[in-house]
Amino acid sequence: MAAKNKNNLKENMENIFYPESVAVVGANKVPGTVPHDIIHNILKADFQGIVYPVSPREKFIAGAKAYKYIIDIEDPIDLAIIVFPSSVCDLALEQCGKKGVKSVIIISAGFKEIGGKGVEREQELLEIADKYDMNFIGPNCLGVINTDPHKNLNASFARQMPEEGNIGFLSQSGALCTAVLDYAQAKHIGFSKFISFGNKADINEIDLLNYLKDDPKTDVILLYLEEISDGRALMETARNIIIETGKPILALKAGRTTEGASAAASHTGSLAGSDEITTGALKQAGIIRCDNIEEMFNKAIAMAYQPMPKSNRVAIITNAGGPGVLTTDAAIKEGLELANFSDQTTSVLKKSLPRTANIKNPVDVIGDARAERYKVALSQALKDVNVDGAFVILTPQSMTDIEDTAQEIARVAEQYDKPLYVSFMGEAEVAEGVDILQRNKIPHYQLPESMCRAFATAYNYTTHKQKEMDRSELYEDVDTDKAKKILEQAKSEGRKILTEFEADKVLETYRLPLPKRGLATTQEEAVEIAKDIGYPVALKIQSKDITHKFDIKGVKLDIKSAKGVKKDYKEIMDNVKSSKPDASISGILVEAMIPEGQEVILGIKQDSYFGPSIMYGMGGIFVETFKDVSFRVAPLDRETAEDMIEETASSPLLHGARGVSERDIYALQNALIRLSQLAVDCPEIKELDINPLIVLEKGQGCFVADASISL
Amino acid sequence: MDKKELKQKVKEVIAHVLEIEIEEISDDANFIFDLGADSAQSLELVAGFEEEFDIEMDEDRALEVQNVSDAVDFISEYTK
C-alpha cells in the first residue's frame, strides 16, 4: 500500500493555495458541468496567476489556449486540478507526475465512496502520487478557495467566491460546503481558506489543520468531519495548534450513532457509543464541538471578530425590559456574571439617561432610546474596568432608529478592546440594521441565549488553557508483564471474560485499590482467610462458567463470624450445584467488606477512532438510566482525571452534600490514572468495568467492589 | 469478421460518435482521456457498437472498455 508523500508536503500544500500557474485537466466548454464551472470560477475570481485549460478536444476554452495534454504545456505548473471522470484520473495524474506537477486537486467522484472498483482506483492514485512525490486533495471534493487578495483562487465548483475573512473552513462534505457558503454569504461571514477535502485519500484533516496553523490569514478554524482519519493524531495536532497559536478549533462531527452501544456487553460498552468518546476526546484536545452549523458559526464569529473576553463580567444594554431579563437569565445560566458598575459609570449613566431608565446592570435605556443614547450607555459600560464585555439588545419600537444604532454600535466597538455582541431581536424590521452589524464584523445573534452561549464559549476557551499531557503523573510501579500473563492465560483457554478473581489480579498489577481477600477451596480455609482479613467479610463464588454471581445466589455479604462463614460457604456451594451443576468451581473468594462510601463507575473501552478510552460516572443501579458519565482518551493526567469527575452532574456529591462528608477525590483520580495506564498498556482488554468503585471519606481512599474484564 | 475488419468498424463508430477523423484514433487511444468522450458519448459509443455489430452488450462491462484494442476484444466475445 502506498504511503503518503511527506517529503515536500508543506511545500506541495502551499502550492495548492498559492499557485502561480494552474492547469485544469479535463476542462470543457459545456456550461453547467464541473469541468466548465471550475475554470470559469478561477477566471471569475480574478486569480492572480496563469490558467491553462487541458482538454483532449478543445483548442480554446474561456479565451485561453487549451492543451491536449498537460505535458504539452511548456511552462511549469504549480497546481493541477483534475476534473476527468474517475476511470481516467489515474492517466491524468500519471501525466501530472511526468510533467513535474507536485500539487493536485482531484475533484472527480467515483472512488472509495462507491466501493468496489472505486476503492481500487483510489489506491492507484495513491501509488502514482507516491511515485512522483506528489500530494493531492480529494478525490470526490468541491475543491479549495483562497480569498487572499494576492491570490484570489476559487478552484472549486461552488456558486460563489466567499468574502475575505479570518476563518478557515475544512469540510469532508462538498455538498455541505455549498450550503455553508450560502449561509455565510447572507451573513457576510468571510473565510481565509475554504477547503473541501472529500475522500481525503492523501491530504487529510490533520495535514490541513497543520497548514491552517501556519496560515497567517487564519485566526479561527472550523472543521466538519464524518469520519476521523486518526483520532490520536487529530488530538495531538489540535492541541499543538491551540498551544502554539491560540487559534480556536470548532468541529462539527456527523454520524452520532448508538449502534455500537446496543451491541456492547458491559456498562461501559453500553454507555460508550463511539460518539460519546469522540465528544470526550475532542474536549480533551481543546476542540470546541458544536451540534449544528448555526451553533458553529455563532461561536466562530464571536472569536473571529472580537477580542477574547478577559473575564466573565458583562454589561447588558437594552431598550426593552423583558429581553433584558431573558439575556440576564441566559448569561447567568452560561456561567457569566453581571458586572457591578463603578461609581463613576453609575454617575455618568444617571446624568445621561432619562430618569425612568435603569442605570444598573442590565441597563435599560428604555423604549424611546435612539442611537445616541445607546452610544452613551455602551461607551460608558465598556470604559468601566469592572466590565469585560457587553451585550446590546435592541427591539424594534416605533421610535427606534435601528440602522443608526447599528452604525453607532460598530463605531463604539472599534474604540474598545473588549468583546461586544449584539442581538437585534426580530426579523424583518431589524434586517437592515443586522446587515450593517454583520458587514462591520459585530457578532449578531437572533436570540440572546445564543449570544450568551457564544460569549461563554469564548471565555471558557481563554480560561481553560490547553496544555501538553503531563506524563510525569503516570505511575511506574505497575506490572504490565504480570497483567498480560493473566490476560493471555484466559485467551489461551478460549475465554473472552475473566473471572472476578482474575480481573482483580489484573487490577492489582496496576495497584488499583482492592479490599483484602483470598481464595478458599474449603470451609476451613475460608474461616482462616476471614480471620486474617478481619470481620465483616463477603463470600463470592469463583467460576469461569458463572458471569452473574448474584443471579444464582453465589454471593453472601456482611458475614460477621467464623460460624457465619462456614454456613454461608456451604449455602453458596449448594446453590451453585443446584443451579449450575456443570460449572467448574475454582473456589470461593473471601473478601473484606468495604465501608460505605460514594459508588462510582470506572471503565475502559477500545474506540475505533481514539483507541483505549476511559469512562467515569456515578455508579449504582441507575448508571444506565441517568447516563451521568464522562469519557476521555487514555492515558490521563491528573488534570484530565479531575475534568472527567467535575464534568458529571453528580460531582457535587463527592465534594460533600447534605451532611455527607467530602470524599477522597484524590484517590479517585489516582484510580482513574492507573486504569488509563492499564488501558494503554493492555489494548487486548476490550472492555473493563469497575462497578462500583467505593470512594470513602477524604483521606480514606477508595476500593474496587466489583470488576469485570472482557477481551 | 476478422479482427482487422472489426477494428476498422470500431474506429468508424468512434469517429462518427465523437465527430473526429478516423486517423486521429490510435489503437490504444483512450476514449475519454485522449479522444475527449464525455459521459453521454460513452453511452452513445456502447449503443453505436451494439447497432453496428447487431449485438447486446453488458452495459456495465462495456463502459469499462476504454480504448480501441479493448473494444475489439470485448466485441469479439459477442460476435464469435
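We name chains A, B, ... by the order of the sequence lines, and we start the count at 1 in each one.
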Pairs involving residues 78-107 of chain A, ordered by first then second residue, that meet ring pair (Phe, Tyr, Trp, His ring centres under 6.0 Å) (sequence neighbours left out):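 Listed by first then second residue: A/F84-B/F33.
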
With a 4.5 angstrom heavy-atom cut-off, which part of B/L63 approaches chain A: side chain, backbone, both or neither?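 Contact with chain A involves no heavy atom of B/L63 at all.
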
Under 4.5 Å from a heavy atom of chain A, the part of B/I32 involved: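 The answer is both parts of B/I32.
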
Across chain A and chain B, going purely by atom type as modelled, what donor-acceptor pairs are there at a distance under 3.5 Å?
from: B/L18; atom 1: O; to: A/R57; atom 2: NH1; distance (Å): 3.3
from: B/L18; atom 1: O; to: A/R57; atom 2: NH2; distance (Å): 2.1
from: B/D34; atom 1: O; to: A/K68; atom 2: NZ; distance (Å): 2.5
from: B/D34; atom 1: OD1; to: A/Y69; atom 2: OH; distance (Å): 2.5
from: B/Q66; atom 1: NE2; to: A/S87; atom 2: O; distance (Å): 3.3

Heavy atoms from other residues, nucleotides or ligands near CD of B/E51 exceed 12 (cutoff 6.0 Å):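 Counting other residues, nucleotides and ligands, CD of B/E51 stays at 12 neighbours or fewer.
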
